Number of protein chains: 2
Amino acid sequence: MKQPTICPKFEKAITLLSQRWNALVIYQLLPGPQRFSEIQSAIGISGKVLSDRLKELEHQDLIKREVIPETPVVIEYSLTEKGKSLESVLKTIETWSQEWMKPDDEKSH
Amino acid sequence: MKQPTICPKFEKAITLLSQRWNALVIYQLLPGPQRFSEIQSAIGISGKVLSDRLKELEHQDLIKREVIPETPVVIEYSLTEKGKSLESVLKTIETWSQEWMKPDDEKSH
DNA sequence: GTTATCACTTACTTTATGTAACCTAGTTTA
DNA sequence: TAAACTAGGTTACATAAAGTAAGTGATAAC
């Protein structure tokens with residue numbers, strides 16, 4: 001029902017980046033490792049969905065989860081090489097947004 | 001409930017690109033104008049959601065809708081300058097995907 | 001021993017997306 | 001002339017994804 005016009009790798013990348021929160025989570029981790037609650041409050045995602053996303057992104061080898069056996073135990077999320085490599089994409093989006101987006105002060109359309 | 005750590009323009013761009021189908025619709029229009037049913041069958045989106053997306057993207061001045069008074073009437077969607085400027089973003093994603101994604105032959109995780 | 005925090009999970013609600021049938025206008029087919 | 005077809009949608013209904021809020025288990029502070 002859908003001819004394979006689009007490159008599967010590209011489509012997979014688009015699916016990844018089009019999934020809500022994924023790009024923001026990666027973006028948030030660019031400066032360095034962060035903990036669950038830091039990510040959560042920084043981007044305003046619900047705990048439930050963040051939990052899902054972190055698992056999925058870990059599964060896709062974009063981030064890694066590290067349990068640091070301090071006392072109390074600390075859990076840190078950080079980008080893998082693959083995750084870090086998305087910086088180029090995010091920077092391009094950032095550049096584009098500076099050029100073309102107006103901040104929506106006008107909440108009422 | 002969310003400190004304004006993230007640039008609003010960037011966040012708006014991310015919201016745009018994170019909305020399902022938006023990137024693919026723009027991508028599909030990069031080579032030139034297309035009609036409703038062409039876009040629909042090319043990317044496998046439902047008519048309902050495509051209708052929504054086209055309106056929204058038009059409202060955001062990324063695409064334009066043109067009624068061509070042939071017989072029968074033809075409706076063409078094409079990118080505006082702002083829409084075309086997203087090519088840089090999409091190309092970066094494409095490049096990234098070629099380097100880092102493996103096509104998911106392994107549908108069973 | 002009550003209260004608090006972190007990193008979640010679970011149950012439930014709301015929103016987004018998908019499916020399929022229908023609509024309007026023009027067009028061809030019989 | 002009527003039935004059927006096409007393009008570009010819209011509407012009603014079903015399912016999937018996301019949000020909300022409360023709960024859990026481990027540890028620690030008061």
Side-chain angles (χ1 to χ4, degrees), chain A residues 1-3 6 11-12 14-29 32-60 63-79 107 109, chain B residues 1-3 6 11-12 14-29 32-60 63-79 107 109:
Chain A
M1 215 148 281
K2 177 181 156 196
Q3 54 269 49
I6 299 170
E11 203 175 354
K12 216 185 157 194
I14 288 288
T15 302
L16 174 72
L17 292 169
S18 287
Q19 187 160 36
R20 202 169 179 179
W21 301 113
N22 277 352
L24 279 179
V25 169
I26 302 283
Y27 182 79
Q28 188 62 26
L29 291 177
Q34 292 204 17
R35 302 171 67 172
F36 191 93
S37 54
E38 290 177 295
I39 303 171
Q40 194 179 358
S41 61
I43 66 178
I45 187 179
S46 74
K48 179 201 173 199
V49 178
L50 181 55
S51 180
D52 280 1
R53 287 301 182 275
L54 289 172
K55 274 176 200 153
E56 209 178 300
L57 292 172
E58 193 189 0
H59 180 69
Q60 293 203 38
I63 64 175
K64 58 173 178 292
R65 180 183 194 269
E66 208 172 344
V67 181
I68 297 170
E70 284 173 1
T71 171
V73 77
V74 163
I75 291 163
E76 259 187 12
Y77 294 92
S78 58
L79 296 178
K107 299 252 170 172
H109 73 306
Chain B
M1 215 151 283
K2 176 181 157 193
Q3 54 271 46
I6 297 170
E11 203 175 354
K12 216 184 157 197
I14 288 288
T15 302
L16 174 72
L17 292 168
S18 287
Q19 187 160 37
R20 201 168 181 179
W21 301 114
N22 276 352
L24 279 179
V25 170
I26 303 284
Y27 182 78
Q28 189 62 26
L29 292 178
Q34 293 206 16
R35 302 170 67 171
F36 190 93
S37 53
E38 289 177 297
I39 303 171
Q40 195 179 357
S41 61
I43 66 178
I45 187 178
S46 73
K48 179 199 173 199
V49 178
L50 180 55
S51 179
D52 280 1
R53 288 301 181 274
L54 289 172
K55 275 175 199 150
E56 208 178 301
L57 292 172
E58 193 188 0
H59 179 70
Q60 294 204 37
I63 65 174
K64 58 173 178 294
R65 180 183 195 270
E66 209 172 343
V67 181
I68 298 169
E70 285 173 1
T71 171
V73 78
V74 164
I75 292 161
E76 261 188 9
Y77 295 92
S78 57
L79 297 177
K107 297 252 169 169
H109 70 309

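What's counted below: heavy atoms across the whole structure, side chains too, no hydrogens, waters or symmetry copies. Computed from a prediction, not measured in an experiment: that's the story for all the values here. Letters go in sequence order (proteins before strands), and every chain restarts at 1.
The separation between B:Asn22 atom CG and C:dA16 atom C1' is 13 Å, rounded to whole Å. Taking atom CD of residue B:Glu56 and atom C1' of nucleotide C:dT17, one finds them 13 Å apart after rounding to whole Å. One can place CG of B:Leu24 at 15 Å from C1' of C:dT17, the figure rounded to the nearest angstrom.
Between B:Leu79 and B:Ile26 the shortest side-chain heavy-atom distance falls below 4.5 Å. Residues A:Gln34 and A:Gln28 have side chains in contact (heavy-atom distance under 4.5 Å, counting atoms from C-beta outward). Annotation: side chain of A:Glu66 is not in contact with side chain of A:Ile75 (no heavy-atom distance under 4.5 Å). Side-chain atoms of A:Leu57 and A:Val25, non-hydrogen and from C-beta on, do get closer than 4.5 Å to each other.
Applying the side-chain hydrogen bond (donor to acceptor under 3.5 Å, both in side chains) rule to A:Arg35 yields no partners; only residues at least two apart in sequence or on another chain are considered. For B:Val49, the side-chain contact (heavy atoms from CB on, under 4.5 Å) partners at least two apart in sequence or on another chain are B:Trp21, B:Ile45, B:Ser46, B:Arg53. Under the side-chain contact (heavy atoms from CB on, under 4.5 Å) criterion, A:Glu58 pairs with A:Ile63, A:Arg65, sequence neighbours left out. Under the ring-ring contact (aromatic ring centres under 6.0 Å, His included) criterion, B:Tyr27 pairs with A:Phe10, not counting sequence neighbours.
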Q: Give the B/S/- string for nucleotides 5-20 of chain D, one per nucleotide from 5' to 3', where a protein heavy atom under 4.0 Å of the base yields B, of only the sugar-phosphate yields S, and otherwise -.
A: --SSSS-B-----BBB
Polar atoms only, N or O, under 3.5 Å: list the protein pairs with nucleotides 22-24 of chain C and their distances.
none

